Q: 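Pasting a structure below so you can have a look.
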Amino acid sequence: MFAFIDESRRERLRRAVTADAELRRVAAGAGALALALGETLREIFEADLLGKLCFTREKDYMRERLGLPPRTGYQMLRLAKETRGKDLLRRAVLCGAITPNKALAIARVCSPEMESAWVGLAMEVPLAELVKRVKDFGGEPVPDETPGGRMFVPMTAEERAIYEEAVALAQELLGPGTPRWVARETIAWEWLGEHGSVLLAEAEEAEKPGEPPPALSPRDLALWTKAREDVERELRVLEEASKLVIEGPDPFCKEPEALDARARRLARTRERLSEPLGAMLRAFRDARYWKDLGYDDFEEYARDRLGLSARTVRERIWLTRMLETRPEVRAALRIGKISYAKALALVKVLAPRDPEAPEKVESAAAQPTEKVQREAEAEEERQDRALGRLRIWGPAQAMESIRESIESARAVLSDPGGSGNGGEAGAVSEGRALATTGACFIEVWKDEKKRRRPRPRARRAVLARKDGLCGVPGCTMRAVHAHHIVFRSHQGSDAVTNLLATCWYHHVLIHARLIRVWGLAGERLVFEFLSATDRKKVVERWETRGNDDTRRVGPEAEARPGGRSAESGPAGAAAKDVLAGRSGAPTEGVPAEGVPAGRPPAAEGVACARSPEAMVGRHRRGGIRHPGV
């Protein structure tokens with residue numbers, strides 16, 4: 001006998017099921033895009049094509065060219081690697097039959113004989129039950145390599161000054177460009193190495209090696225064969241219903257521009273799903289439909305049904321709410337003027353209904369993503385300073401070390417004599433404990449700078465531009481080389497205006513004719529990123545005024561007109577004089593606005609290898625000596 005359900009309850013259930021179906025359809029598209037984008041990234045990274053795209057780091061490429069947070073890009077890359085060679089599992093993700101986190105849960109136990117059984121099981125049971133089945137079988141889900149955390153520590157101005165001095169010292173010793181969480185983790189290690197840990201009250205159980213999977217009997221093989229046929233039939237129905245076809249990368253296509261164009265197209269398609277998905281998640285959460293579907297909380301529903309982590313769900317909902325009061329950012333995100341990563345950074349610094357929002361959005365659209373994010377972090381730090389707190393975030397392992405050092409310092413401060421009585425650790429504030437770890441680091445390492453070989457003052461000034469980072473737009477690597485903008489072979493001077501601070505690999509790319517740069521360092525520089533297949537084709541053009549005011553003045557995809565040398569004609573001669581740093585040289589060759597006419601001197605007559613691979617080999621063999629290094 002069926003229980004009676006009133007009409008209002010029946011209508012609510014109908015709405016919950018309808019909303020769930022719509023959310024799953026959007027999430028399925030996001031999962032398919034994640035797999036396709038991950039496969040494209042794998043093709044680019046494994047073929048070592050980053051240099052031909054004028055990038056040094058994988059995370060710089062994902063952030064600047066695709067607008068992806070590196071954490072998200074690496075998750076996509078891991079999904080593509082783990083599903084490689086598993087056709088059934090890959091098809092299940094592409095058509096939305098299973099979510100990416102379920103695919104990662106069963107990827108390492110999906111042998112060819114058992115793939116269909118595990119895919120069929122993943123289509124039926126929730127994620128928590130699936131993980132339990134995998135562990136019972138003797139396997140282990142693919143670990144999440146990018147979990148993170150955040151904490152707020154109340155600190156006085158004096159305590160914060162001590163700790164920030166220690167962080168600055170650690171970053172200086174580790175090198176410019178070192179993330180703050182790395183410097184903070186180093187300070188925590190220094191303290192724990194001296195005073196030990198107080199959190200590990202009991203030893204962790206040693207990990208036992210997993211038992212080998214049981215042998216397959218003929219009966220099991222027959223059952224799995226039938227299961228594979230059933231799963232194949234259901235997947236065909238889902239593929240026809242979803243009409244979702246995302247072509248995989250051509251295994252014979254190794255052209256960097258083609259792979260880059262496909263990655264950018266997929267990333268843009270994914271960005272178009274971000275806002276509607278956030279709005280649907282917010283409406284579903286506020287209506288509490290997840291409760292009608294039998295889930296204990298909304299995050300569990302999002303994880304099991306949609307394959308979205310709690311952090312992703314909170315980020316999408318938060319961004320949707322913030323965009324309601326920042327229409328300029330929302331409009332720019334919809335038309336593709338700014339990326340998802342820039343939108344996240346912008347809403348942190350823009351006040352609701354800010355009258356200067358249009359100008360700030362236009363400025364952010366022309367700037368590199370890493371600069372927009374640095375400015376957002378600086379604004380967050382200013383707000384936290386006004387509230388009397390310190391925001392600390394980083395990977396889970398680093399956060400654990402920092403928390404452990406705080407608890408250890410509180411225990412030491414509450415019992416300075418080491419009598420073993422313990423004292424009241426709660427009486428010592430976290431801010432004071434954190435400042436104590438910083439003071440310990442300063443005491444140990446303050447003389448290390450004096451023991452290092454001093455650099456010439458001019459070289460220090462060159463390498464200190466852009467806070468010690470590479471001067472090429474979008475790069476976050478440490479500046480270690482001083483490149484002569486006008487080569488010494490072209491009578492280039494050693495003036496600081498003719499020296500550009502670069503990382504070692506971008507220095508290689510400049511000499512390999514993949515990047516052109518001209519102008520006066522510290523005043524105005526123009527960068528052109530060229531195609532690896534056609535050196536007359538400009539992919540991107542950037543302009544830097546001062547040390548860090550970088551803006552896009554392209555991109556252009558056509559060849560430079562005429563193709564003649566900048567040294568020919570009156571304007572080219574004037575530009576050559578200005579670039580050479582000669583006193584009293586006319587400035588007509590480099591106008592105040594726009595891009596200088598003609599080809600820069602560095603693009604002509606450079607006797608060096610044409611491929612970055614060959615250049616790397618010559619640098620490592622010592623065949624080329626970099627001036628100013």
Side-chain angles (χ1 to χ4, degrees), residues 29-68 70 72-81 83-85 87 90-91 93-94 244-273 336 339-341 368-369 472-475 505-506 508-509 512-516 527-542 552 554-560 609-616:
L33 287 170
L35 178 57
L37 190 50
E39 290 178 341
T40 308
L41 290 174
R42 179 179 59 81
E43 289 286 327
I44 293 174
F45 297 160
E46 290 185 357
D48 198 19
L49 300 178
L50 277 182
K52 294 183 177 180
L53 297 173
C54 301
F55 285 90
T56 304
R57 288 181 171 181
E58 296 174 350
K59 66 176 186 179
D60 289 341
Y61 172 78
M62 291 186 286
R63 179 177 54 242
E64 299 296 337
R65 189 61 65 88
L66 306 181
L68 291 175
T72 303
Y74 282 118
Q75 288 174 348
M76 297 176 178
L77 189 61
R78 186 163 59 251
L79 175 65
K81 289 181 177 179
T83 57
R84 187 177 187 179
D87 181 66
R90 181 181 178 277
R91 288 173 53 197
V93 176
L94 285 177
L244 179 62
V245 178
I246 299 181
E247 72 279 7
D250 185 353
F252 301 103
C253 176
K254 297 299 181 183
E255 292 295 331
E257 284 85 0
L259 291 172
D260 175 59
R262 182 171 184 272
R264 297 176 73 175
R265 176 175 59 83
L266 291 172
R268 177 59 189 143
T269 305
R270 180 180 178 274
E271 285 181 358
R272 292 195 187 101
L273 290 177
S339 63
Y340 183 79
T369 305
V472 177
C475 183
Y505 196 64
H506 270 131
V508 170
L509 296 182
R513 301 187 188 181
L514 282 174
I515 297 177
R516 288 203 298 245
F527 296 86
E528 285 184 344
F529 294 173
L530 307 180
S531 168
T533 56
D534 182 5
R535 301 304 170 90
K536 295 183 179 180
K537 180 179 178 182
V538 179
V539 179
E540 286 186 348
R541 179 178 285 140
W542 297 84
R552 187 191 302 270
E556 294 182 6
E558 70 274 10
R560 293 178 61 85
R610 290 182 175 269
S611 68
E613 292 82 1
M615 289 295 297
V616 171

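Please read all numbers here as calculations on a predicted model, not as lab measurements. Numbers for residues simply follow the sequence, beginning at 1.
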Q: If you measure from SG on Cys54 to CG on Leu509, what distance do you get to the nearest 0.5 Å?
A: 6.0 Å
Q: Please find the pair of heavy atoms, one from Trp542 and one from Pro473, that lie closest to each other, and give the distance.
A: CB-CG, 3.6 Å
Q: Give the minimum heavy-atom separation between Ala267 and Leu66, together with the two atoms involved.
A: CB-O, 3.6 Å
Q: Partners of Arg270 by salt bridge (charged side-chain N to carboxylate O under 4.0 Å, His left out), sequence neighbours excluded?
A: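 Residues passing salt bridge (charged side-chain N to carboxylate O under 4.0 Å, His left out) with Arg270: none at all.
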Q: Using side chain to side chain contact (heavy atoms under 4.5 Å, CB included) as the criterion, list what pairs up with Leu530, not counting sequence neighbours.
A: Arg516, Glu528, Val538
Q: Applying ring-ring contact (aromatic ring centres under 6.0 Å, His included), can you list everything that pairs with Phe527, at least two apart in sequence or on another chain?
A: none
Q: So, are Arg262 and Glu43 salt-bridged, with charged N and O less than 4.0 Å apart?
A: no
Q: Could you tell me which residues satisfy side chain to side chain donor-acceptor pair (under 3.5 Å) with Arg57, sequence neighbours excluded, listed by chain and number?
A: Thr476
Q: Applying side chain to side chain donor-acceptor pair (under 3.5 Å), name anything that partners Thr533, two or more places apart in sequence or on another chain.
A: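 Side chain to side chain donor-acceptor pair (under 3.5 Å) list for Thr533, sorted by chain: Ser531.
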Q: Does Arg42 pair with Glu39 as a salt bridge, N-O distance under 4.0 Å?
A: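 No, this pair does not count.
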Q: Given Val472 and Phe529, is the side chain to side chain contact (heavy atoms under 4.5 Å, CB included) satisfied, shown in steps?
A: CA-CA 10 Å; Val472 177; Phe529 294 173; 3.8 Å; yes
Q: Would you check if Leu53 and Ile44 make a side-chain contact, meaning some heavy-atom pair closer than 4.5 Å?
A: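 A side-chain contact under 4.5 Å exists here.
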Q: Can you sort out the partners of Phe55 under ring-ring contact (aromatic ring centres under 6.0 Å, His included), two or more places apart, ordered by chain and number?
A: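 Result, ring-ring contact (aromatic ring centres under 6.0 Å, His included) vs Phe55: Tyr61.
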Q: From the options Arg265, Arg264, Glu271, select the one residue that forms a side chain to side chain contact (heavy atoms under 4.5 Å, CB included) with Arg268.
A: Glu271
Q: List the atom of Arg90, the atom of Leu35, and the distance in Å for their closest heavy-atom pair.
A: CG-CD2, 3.5 Å
Q: Under the side chain to side chain contact (heavy atoms under 4.5 Å, CB included) test, which residues partner Ala532, sequence neighbours left out?
A: Lys52, Pro256, Glu257, Leu514
Q: Roughly how far, to the nearest 0.5 Å, is CG of Asp60 from CG of Leu50?
A: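 Leu50 atom CG to Asp60 atom CG measures 9.0 Å (nearest 0.5 Å).
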Q: Return the OG1 to CG distance between Thr40 and Leu77, rounded to the nearest 0.5 Å.
A: 10.5 Å
Q: Is the closest side-chain heavy-atom distance between Gln75 and Arg78 below 4.5 Å?
A: yes
Q: I'd like to check the salt bridge (charged side-chain N to carboxylate O under 4.0 Å, His left out) partners of Glu64; sequence neighbours left out, ordered by chain and number.
A: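 Expected list: none.
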Q: Looking at CG of Leu266 and CG of Leu33, how far apart are the two atoms once the value is rounded to the nearest 0.5 Å?
A: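 It comes to 6.0 Å.
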Q: Taking the side chain as everything from C-beta on, heavy atoms only, tell me whether Leu68 gets closer than 4.5 Å to Leu37.
A: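 Yes - at least one pair of side-chain heavy atoms lies under 4.5 Å apart.
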